[in-house]
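Have a look at the structure below, then the notes.
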Amino acid sequence: MKTVNKRTTKYPIDDIFLKRFSPRALSGEIIYKDELMTLFEAARWAPSASNTQPWRFIYVMRETPEFEKMISLMIPFNKDWCIRASVLVLVVSKNLLKDGKISVSHSFDTGAAWENLALQASMSGFIAHGMAGFNYATAKKEFNVPEDYSVEMMIAIGKPGKVAELPEPLQSRETPSDRKPLEEMVFEGKFPNMV
Ligand SMILES: Cc1cc2nc3c(=O)[nH]c(=O)nc-3n(C[C@H](O)[C@H](O)[C@H](O)COP(=O)(O)O)c2cc1C
């Protein structure tokens, strides 16, 4: 058992899993291209079915028209804090295999790449906060995503900012979250009967 970042485990794990979390207080400071590419490099090494690597990342830098365009796709809740992101990323994945068949694992594989990116961001002193609260159909159209790619999520990347600069309702949420106990997600032999 250990406690790191106000999170307590039942079994020993590396601190990195507890340190990574999703704050919303971002500073808006510049992130250099090499720093950003390090995060994508980590994503690149994720495992995927048959090594298909279906993930693709479209990034936009703060203070560019494309950044404003990405912000405009978000629900108001996300706009409120993403305005201080340094980089926004649209994550998409190729949903067809080479032979034209539908990939069963493109989203799952891309989830692994996202987590690699998030863990590297945390280790590099950045915040990488995932988002599903935006208009997927408009994102696909506005960012020129081909038909055989699915929009998966957005990521706000930045350096830690001041909690006091967040809108009031978001300030109290700026704390690491807990998780369900292992017993609710790990089953030996078969899925248990639900009551
Ligand atoms: C696919 C995905 C979508 C998410 N969508 C949003 C979102 O739209 N807005 C938001 O503020 N956080 C969003 N989150 C962040 C989650 O709420 C957060 O990861 C979760 O509460 C666990 O907290 P932690 O990342 O701090 O450990 C999203 C995370 C993921 C992985």
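Quick note: numbers below take in every heavy atom, side chains included, and nothing from hydrogens, waters or symmetry partners. First listed ligand is number 1; within each ligand, the first listed atom is number 1.
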Check: Considering the options Asp15, Leu182, Leu18, which one meets the side chain to side chain contact (heavy atoms under 4.5 Å, CB included) requirement together with Thr9?
Finding: Leu18
Next item on the list: Starting from atom 31 (C) of ligand 1, locate the nearest protein heavy atom and write down its residue, its atom name and how far away it is, to 0.1 Å.
Entry: Trp114 NE1, 3.9 Å
Check: So how far is it from Met70 CE to Met154 CE, rounded to the nearest 0.5 Å?
Finding: 5.5 Å
Next item on the list: If you have a sec, work out which protein heavy atom is nearest atom 9 (N) of ligand 1 and how many Å separate them, to one decimal?
Entry: Asn78 OD1, 2.8 Å
Item checked: Protein heavy atom at shortest distance from atom 5 (N) of ligand 1 -> Ala132 N, 2.8 Å
Next item on the list: Answer with side chain, backbone, both or neither: which part of Trp81 has a heavy atom less than 4.0 angstrom from an atom of ligand 1?
Entry: side chain
Note to self: Taking 4.0 angstrom as the limit and counting only heavy atoms of Gly133, give me the atoms of ligand 1 inside it, by number and element.
What the structure shows: 8 (O)
Checklist line | Nearest option to atom 29 (C) of ligand 1, as decided by whichever heavy atom of Ser122, Ser177, Gly130 sits closest | finding: Gly130
Notebook entry, point to check: Between Glu174 and ligand 1, which residue portion shows a heavy-atom distance shorter than 4.0 Å: side chain, backbone, both, or neither?
Noted result: neither
Margin query: One residue to check: Met154. Relative to ligand 1, which of side chain, backbone, both or neither has a non-hydrogen atom less than 4.0 Å away?
Written below: neither
Check: Does Arg7 come within less than 4.0 angstrom of ligand 1, counting non-hydrogen atoms of the residue?
Finding: yes
Notebook entry, point to check: Quick check: does any side chain N or O of Ser48 sit under 3.5 Å from a backbone N or O of Thr52, one acting as donor and the other as acceptor?
Noted result: yes
Next item on the list: Please determine if Lys159 forms a cation-pi arrangement with Phe126, meaning its NZ or CZ atom is less than 6.0 Å from the six-membered ring centre and no more than 45° off the ring axis.
Entry: no
Next item on the list: Taking all non-hydrogen atoms of both residues into account, name the closest pair between Ala112 and Pro47 and its distance.
Entry: CB-O, 4.1 Å
Check: Which residue holds the protein heavy atom closest to atom 17 (O) of ligand 1, what is that atom called, and what is the gap in Å?
Finding: Arg24 NH2, 4.7 Å
Note to self: My question is simple, although I want it checked carefully: is atom 25 (O) of ligand 1 less than 4.0 angstrom from any protein heavy atom?
What the structure shows: yes
Next item on the list: Under 4.0 Å from a heavy atom of Phe77: give me the atoms of ligand 1 that qualify, with their elements.
Entry: 11 (O)
Checklist line | Glu183/Lys10 ion pair, N-O < 4.0 Å | finding: yes
Item checked: Heavy-atom nearest neighbour in the protein, as seen from atom 19 (O) of ligand 1, with distance rounded to 0.1 Å -> Ser22 OG, 3.5 Å
Check: Which protein heavy atom lies closest to atom 12 (N) of ligand 1, and at what distance to 0.1 Å?
Finding: His129 NE2, 2.8 Å
Next item on the list: Using the side-chain contact (heavy atoms from CB on, under 4.5 Å) rule, take Val145 and Leu90 through it: C-alpha gap first, then chi angles, then the decisive distance, then the call.
Entry: CA-CA 10 Å; Val145 178; Leu90 183 67; 4.2 Å; yes
Checklist line | Polar contact flag for Met153 and ligand 1 (N/O pairs, less than 3.5 Å) | finding: no
Notebook entry, point to check: Phe21 to ligand 1: N or O pair under 3.5 Å?
Noted result: no
Note to self: So for Arg173, does at least one of its heavy atoms come nearer than 4.0 angstrom to any atom of ligand 1?
What the structure shows: no
Notebook entry, point to check: Is Glu66 paired with Lys69 through a side-chain N to carboxylate O contact shorter than 4.0 Å?
Noted result: no
Notebook entry, point to check: Would you call Lys6 and Asp178 a salt bridge, using N to O less than 4.0 angstrom?
Noted result: no
Margin query: Could you check whether atom 3 (C) of ligand 1 has a protein contact, counting only heavy atoms that fall below 4.0 angstrom?
Written below: yes
Note to self: To the nearest 0.5 Å, what is the distance between OG on Ser122 and CG on Leu117?
What the structure shows: 11.5 Å
Next item on the list: Could you tell me whether ligand 1 has any atom less than 4.0 Å away from a heavy atom of Met74?
Entry: no
Checklist line | Where Tyr59 and Lys33 come nearest, the two heavy atoms and their spacing | finding: OH-CE, 3.1 Å
